[in-house]
Amino acid sequence: MNVREDYDLIVVGGGPAGQAACLALQDRLARVAVIDEQSRPGGQILRQPPRAFTVSNWQAGGTYRKLKAQLRAFETLSGVDWLGGRSVLDVRAEGDGWRVLVSDGAQVASLRTRRVLIAAGCYDMTTPLPGWTLPGVMSAGAVQAFVKSQRLTPGRRIALAGSHPLQLLVAEQIIEAGGEVPALAFAQSLQSALVQAARRPMTVLAHAPQLLKVLLGGLRLTASGCRIRFGDRPVEVVGEEQVQALRLASGAQIDCDAVALCFGFLPQSDLVRGMGLNVLQGRFGGWTAVHDPWMRSSRPGVYVAGETTGVKGAEAAGAEGALAGLAIALDEGLITSVEAERRARGPRRRRGRAIRFAELLDAIADPSVFLSQAQPADTILCRCEDVTQGAVDAAVATVETPNAVKLSTRCGMGPCQGRNCEHLLLQRMNSVEKAPQGFRARFPARPVRIGDLTA
Amino acid sequence: MRSVDVLVIGGGLVGCATACRLAGAGASVELIEASYLNAGASGANAGSLHFQIERRFLENGDALADQAAQILSLNRLAIDEWRGLEAELGDSLHVHMRGGLMVAQTPQELALLEAKVARETAGGLPSRLIDGEEARAIAPVLSPSIVAASYLESEGHADPKALTLAFAAEAERQGARLSLGARAVAARRVHDGYEITVETGRTRSSIRASKVLIAAGAWSGRMGELFNLHLPIFPVALLMNVTERAPPLIDQLIQHVGRRLSMKQAYAGNILIGGGWPSRMRLDASGRFDPGQQADLIETSLRGNLAVAVDVAPQVAQLNLIRSWTAVTAVTADQLPLVGEVPQAPGVYVAAGGSAFTLGPTFARLLARQILDEPEDRLRLFSPARFSHLNSFMGMAGA
């Protein structure tokens with residue numbers, strides 16, 4: 001694999017946004033690298049199986065057709081160094097460019113680049129409830145990762161609970177892969193979801209085919225024996241050594257050997273915050289990078305695209321990636337502003353459309369009905385350090401900032417650096433009307449073996 | 001307008017502990033903290049209890065080393081202080097005094113160790129020189145490259161996240177008032193002491209105090225300016241690294257006599273690696289060092305610090321680094337802490353300038369006696385009087 005020490009552009013993330021940026025540049029920038037934690041490009045939406053697997057009908061269906069075409073086009077670009085299976089530990093200003101530390105799991109390379117595009121995607125928002133740290137409880141995204149790439153279901157009977165319509169799709173994928181879905185529970189009522197849809201009739205009409213697909217998927221699930229419940233939130237995962245059942249607010253107890261929770265997503269923001277880019281806080285915590293109409297961030301030479309700027313799906317991510325690619329070409333003097341404007345029209349239109357749909361989805365998928373329920377005080381909130389919600393609440397009552405809570409409780413001090421608990425802490429602090437910032441971003445963005453750094 | 005006997009500026013370890021001792025002795029005390037308790041170096045240091053002469057005193061010539069040897073009498077007091085702290089403040093402090101080794105890898109370093117142990121023996125500190133084999137018998141984690149070590153049984157570590165808060169809670173129990181988010185912005189001399197203007201959010205208030213203690217760590221120099229004083233205390237930004245939790249691997253505090261390293265395994269199992277590697281401090285709008293901003297990590301510091309750790313304890317290479325942080329502490333112009341009354345501003349005391357986790361509780365106990373006019377000369381070595389020439393044309397005495 002080709003690795004230089006000096007790049008014109010490093011793209012962090014090989015999903016739809018990163019791919020689209022490279023395609024928009026059309027190999028006109030000489031030294032470009034795309035870094036991704038997966039060994040193959042695709043992102044979470046098109047998480048590819050390992051090369052050694054032979055898979056027929058991978059990710060079949062119209063939803064994925066355009067994305068697969070873009071992925072194929074990206075993979076044929078000759079001027080891009082694909083640096084898969086690597087984690088970015090740090091991006092730091094150096095001179096008029098950036099220094100990027102990259103770990104491949106055995107050594108740490110230090111790369112220089114003049115420009116950076118952060119298109120690092122998102123991750124499932126952690127939603128604690130009693131029993132959520134039992135083996136077998138996972139996020140819907142994790143289940144998808146197993147199904148899409150490894151071609152297996154992480155459990156035989158997987159109960160789904162959440163508020164996000166994505167769980168309908170995940171349920172279908174589990175069943176297609178040979179698993180069972182004994183129950184699928186939406187925390188919100190069907191009525192409230194429909195009311196949200198009714199408030200946005202134009203968006204509903206414009207996206208009628210997608211919505212119809214969701215409905216048909218739901219009907220197929222029901223026909224296959226999966227009961228879809230509405231207005232029923234998860235209250236406890238039951239089990240001794242591992243998951244045995246999911247208990248719902250209605251009192252229903254679903255026997256299962258795995259539980260997938262699906263209440264929404266947060267942008268990957270460790271690099272963005274470590275670099276000191278301007279961010280905004282999301283409604284449920286999490287941070288979205290601020291950008292101009294060309295996806296330029298608040299610091300020169302740094303661009304942001306896809307879920308990094310707010311979670312809104314693959315379509316918007318692709319459009320933003322294309323815009324970022326055009327902006328980079330424009331800022332490099334490779335194209336004129338007239339050409340950039342002309343070529344940006346399509347992506348802008350697609351982005352606008354996709355964002356309206358994402359807003360509709362956000363409204364339907366609102367996790368508030370679950371998040372507003374108080375969990376028992378002994379529920380673990382920070383699972384790296386086993387800090388309970390009660391301990392965090394006691395600290396929140398006496399100190400003003402998330403960093404002070406971190407210092408006094410250890411919440412956020414573990415290997416995930418707060419990716420899975422910071423938003424929960426911020427929610428607790430908001431609830432007592434304080435004005436929180438987040439934890440200070442610290443090196444490294446991912447844990448790294450000390451021997452790799454000293455080699 | 002509030003009136004107190006003593007106003008303490010700074011909610012770190014020294015401030016909270018001194019407030020606790022003063023209140024315990026019956027003084028009326030208010031402590032103001034611009035941010036939150038334990039926010040600075042007190043909470044962000046790695047919790048070493050080091051009573052051997054520090055490496056930093058050995059690398060700048062004999063004169064400084066001789067002077068530093070005088071700190072040993074205080075170190076001996078500090079050992080006793082630490083042995084009693086958990087009984088007084090509770091076992092959440094995770095005081096772990098299971099020994100400390102300062103290691104050497106070369107003949108030159110061995111010579112440094114010998115000279116250091118001789119100074120320590122003369123100063124009454126029971127450290128002893130051992131060979132590499134004995135060092136590895138005590139701490140099997142040590143590499144075969146370690147040729148010798150100086151060993152002191154009382155060294156170790158404690159939890160810096162807990163200590164300041166424990167003192168603060170005790171201070172409050174004793175009647176001290178703690179005001180957080182309260183910043184001193186002006187000071188003037190009044191006939192029976194000082195009047196300090198304090199900004200809390202958008203509101204301003206005044207506090208009259210017979211005496212004032214500046215215990216503001218890296219900000220102490222700036223606080224001194226409010227009293228028309230030069231306090232030769234300079235902020236320095238240091239790097240700290242922490243690994244994932246590991247099974248018991250290192251029972252002692254491990255330092256290096258010739259290279260920058262301090263390493264220990266904290267109670268939760270994480271290994272903390274530091275030793276004085278610099279980070280880059282940011283500047284404020286006027287171009288001065290800004291201790292309030294997060295300092296930038298320097299890659300060569302990171303790799304250098306970890307390399308020494310791996311060199312001394314090879315197993316550490318197998319552990320994951322989960323976080324590196326930079327924190328701002330302070331050093332004085334001559335490296336010795338600055339503790340005591342400032343001659344040019346009677347009633348203004350300062351306590352800052354390094355080693356204040358290990359020595360902080362002891363500074364607090366002795367300084368409280370000084371502030372309350374009890375006979376106390378054990379802090380003489382650290383008196384601001386040694387920098388009197390800086391304040392020859394400064395101060396508030398004549399106001």
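Lettering of chains follows the sequences in order, A, B, ..., and the numbering in each one begins at 1.
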- Which one, R303(B), R323(B), K161(B), leads in non-hydrogen pairs under 4.5 Å with chain A? R323(B)
- Query: Contact part of N403(A) toward chain B, heavy-atom cut-off under 4.5 Å: side chain, backbone, both or neither?
  - Reply: both
- Query: At a heavy-atom separation under 4.5 Å, does Q294(B) approach chain A through its side chain, its backbone, both, or neither?
  - Reply: both
- Query: Do W287(A) and Q268(A) have side-chain N/O donor and acceptor atoms under 3.5 Å apart?
  - Reply: no
- Side chain, backbone, both or neither: which part of L165(B) has a non-hydrogen atom closer than 4.5 Å to chain A? side chain
- Message: Under 4.5 Å from any heavy atom of chain A, what part of T326(B) do you find: side chain, backbone, both or neither?
- Response: both
- Task: Can you tell which part of N270(B) gets under 4.5 Å to a heavy atom of chain A, answering side chain, backbone, both or neither?
- Result: side chain
- Residue that, paired with D6(A), satisfies salt bridge (Lys or Arg N to Asp or Glu O under 4.0 Å) out of R114(A), R112(A), R31(A): R112(A)
- Query: Given a strict heavy-atom distance threshold of 4.5 Å, which part of V310(B) is in contact with chain A: side chain, backbone, both, or neither?
  - Reply: side chain
- Polar side-chain atom of T388(A) near backbone of T379(A) as donor-acceptor pair, under 3.5 Å: no
- Message: Please classify the contact of L89(A) with chain B as side chain, backbone, both or neither, using a heavy-atom distance under 4.5 Å.
- Response: neither
- With side chains defined as the heavy atoms from C-beta onward, is the minimum distance between V312(B) and I146(B) less than 4.5 Å? yes
- Task: Could you check which of V448(A), T454(A), L453(A), D452(A) has the highest count of heavy-atom pairs closer than 4.5 Å to chain B?
- Result: V448(A)
- Message: What I want to check is whether the side chains of N278(A) and H291(A) have a donor and an acceptor closer together than 3.5 Å.
- Response: no
- Query: With a 4.5 Å limit on heavy-atom distance, are the side chains of T398(A) and S408(A) in contact?
  - Reply: no
- Message: Is the terminal nitrogen or CZ of R383(A) (NZ for Lys, CZ for Arg) located under 6.0 angstrom from the six-membered ring centre of W132(A) and within 45° of that ring's axis?
- Response: yes
